[in-house]
Amino acid sequence: MTTATLPRVTSHVALPDAFRQVGALAHRALRMMLRKPEQMIDVIVQPLLFTAMFAYIFGGAISGGVAAYLPLLIPGILAQTALTTSMATGVKLREDMDKGVFDRFKSLPIARVAPIVGPMIADLARYLIAAVLTFATGIAMGYRPGGGIGGVACAILLVVFSGWSLAWTFAWVGTIARSATSVQGISMVILFPLTFLSNAFVPVESLPHWLAAFVRVNPVSHIVTAVRDLANSFTVGPAVVWALVGCAVVIGIFAPLAVRSYSRKM
């Protein structure tokens with residue numbers, strides 16, 4: 001009498017399988033976006049509304065006209081949109097955790113990081129849509145990027161990477177907060193100082209010295225300056241390097257924190 005060979009059980013998932021699982025959950029998140037288009041309001045309406053609103057309200061006061069203000073404004077709107085869009089990552093993560101969606105994954109033989117990494121990869125589409133719409137709105141209003149197609153493409157890639165890196169911060173907040181509402185509140189406390197105490201909407205030279213000192217070290221200011229250099233003149237200068245280094249540091253700090261905090265709850 002022979003006994004059947006039992007399949008080998010391992011306590012970890014092979015790397016190729018983990019990549020496939022991350023891809024499957026990213027595809028799931030994309031399909032959910034298509035089924036619930038209201039989730040895309042922030043990336044579709046906000047770039048159009050904020051670009052037009054800030055341009056016509058502050059253009060004359062800051063730069064003497066809308067057309068002269070757009071090269072300063074559009075990169076700032078891009079940074080602001082990336083921040084607000086990435087904030088939704090933590091809110092959606094907390095909502096899924098509260099609804100018990102991730103409880104179903106506990107019984108599945110999948111990588112523990114797949115449920116958090118997959119949706120974050122899907123969110124890259126949100127950042128790309130927001131960046132493209134912002135540039136399209138600016139061009140429709142008279143903005144003519146001096147960096148040409150290459151500069152605009154690089155600026156969009158930098159904004160997408162910046163939004164994705166910042167999303168890890170909000171994902172970590174989503175794993176430690178008690179509710180989606182608290183995630184949104186905490187994220188807004190982080191978001192507004194970084195966005196409005198930067199060079200996104202006004203030149204640094206027009207600010208008081210004490211405020212200008214903070215604005216110059218604000219990481220969002222480095223991103224905005226880098227996007228301006230790329231879009232307006234296709235210049236790859238120190239600002240671009242600092243922006244990339246800053247994004248890498250944020251990922252290096254908050255990605256492990258988010259994964260560890262999430263894994264403890266799984």
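Values in this document were obtained by computation on a predicted structure and should not be read as measured data.
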Exercise. Mind checking whether Leu158 and Val245 sit in one hydrophobic cluster, side chains of I, L, V, M, F, W, Y counted as touching below 4.5 Å?
Worked result: yes

Exercise. What are the two closest heavy atoms between Val159 and Ala82, and how far apart are they?
Worked result: CG1-CB, 3.9 Å

Exercise. Which word best sums up how the rings of Phe192 and Phe196 line up, parallel for under 30°, tilted for 30 to 60°, or perpendicular for over 60°?
Worked result: parallel

Problem set entry | Any residue meeting side-chain hydrogen bond (donor to acceptor under 3.5 Å, both in side chains) with Thr225, in chain and number order, not counting sequence neighbours | Asn199

For this session: Check whether the ring centres of Phe58 and Phe201 lie less than 6.0 Å apart, and answer yes or no.
Result: no

Exercise. Are Ile156 and Leu48 linked, directly or through other ILVMFWY residues, by side chains that come within less than 4.5 angstrom of each other?
Worked result: no

For this session: Start with the C-alpha distance between Phe50 and Thr137, add both sets of side-chain angles, then the distance that settles side chain to side chain contact (heavy atoms under 4.5 Å, CB included), and finish with yes or no.
Result: CA-CA 10 Å; Phe50 277 36; Thr137 305; over 6 Å; no

Exercise. What is the distance from atom NE2 of His222 to atom CZ of Arg216, rounded to the nearest 0.5 Å?
Worked result: 11.0 Å

Problem set entry | Heavy-atom check, side chain of Leu25 versus side chain of Ile121, under 4.5 Å | no

For this session: Please report the closest heavy-atom contact between Leu83 and Phe170, naming both atoms and the distance.
Result: O-CE1, 3.9 Å

Exercise. Got a second to check how far Asp123's CG is from Leu128's CG, nearest 0.5 Å?
Worked result: 12.5 Å

Exercise. Shared ILVMFWY cluster between Leu49 and Phe54, side chains joined below 4.5 angstrom?
Worked result: yes

Exercise. Below 4.5 Å, heavy atoms only, C-beta onward: do Tyr262 and Val259 meet side chain to side chain?
Worked result: no

For this session: Quick one: list whatever passes side-chain contact (heavy atoms from CB on, under 4.5 Å) with Leu30, sequence neighbours left out.
Result: Met33, Ala122, Ala125

Problem set entry | Cluster overlap Val160 with Leu157, hydrophobic side-chain contacts below 4.5 Å | no

Exercise. Arg228 side chain to Ser233 main-chain N or O, any donor-acceptor pair under 3.5 Å?
Worked result: no

For this session: Please report the closest heavy-atom contact between Met87 and Met188, naming both atoms and the distance.
Result: SD-SD, 3.5 Å

Problem set entry | Shortest non-hydrogen contact from Thr81 toward Thr84 | O-OG1, 3.1 Å

Problem set entry | Taking every non-hydrogen atom, the tightest pair across Phe135 and Ala155 | CZ-CB, 4.1 Å

Exercise. Backbone N or O of Val215 within a donor-acceptor pair of the Ser221 side chain at under 3.5 Å?
Worked result: yes

For this session: Supply the atom-to-atom distance Tyr143 OH to Asn232 CG, rounded to the nearest 0.5 angstrom.
Result: 3.5 Å

Exercise. Can you tell if the side chain of Leu207 reaches within under 4.5 Å of the side chain of Phe214, non-hydrogen atoms only?
Worked result: no

For this session: Locate the shortest heavy-atom distance separating Asn218 from Leu197; write the atom from each residue and the value.
Result: ND2-O, 2.8 Å

Exercise. Do Trp242 and Val224 sit in the same hydrophobic cluster, where Ile, Leu, Val, Met, Phe, Trp and Tyr count as joined when their side-chain heavy atoms come under 4.5 Å apart?
Worked result: no

For this session: Dump the intermediate steps for side chain to side chain contact (heavy atoms under 4.5 Å, CB included) on Val22 and Phe19, then the final yes or no.
Result: CA-CA 5 Å; Val22 168; Phe19 280 118; 5.6 Å; no

For this session: Decide yes or no for Trp164 and Thr89: does some side-chain heavy atom of the first lie under 4.5 Å from some side-chain heavy atom of the second?
Result: no

Problem set entry | Point-to-point distance, once rounded to the nearest 0.5 Å, from CD1 of Ile77 to CG of Leu133 | 13.0 Å

Exercise. Would a 4.5 Å heavy-atom cut-off, applied to side chains only, mark Leu72 and Pro203 as touching?
Worked result: yes

For this session: Please determine, by modelled atom types, if Thr175 and Ser261 share a side-chain donor-acceptor pair under 3.5 angstrom.
Result: yes

Exercise. When rounded to the nearest 0.5 angstrom, what distance separates CH2 in Trp172 from CD1 in Ile253?
Worked result: 10.5 Å

Exercise. Are any of the side-chain heavy atoms of Val236 and Asp229 separated by less than 4.5 Å?
Worked result: no

Seminar exercise, completed: Taken to the nearest 0.5 Å, the spacing of Arg94 CZ from Ser182 OG works out to 7.5 Å

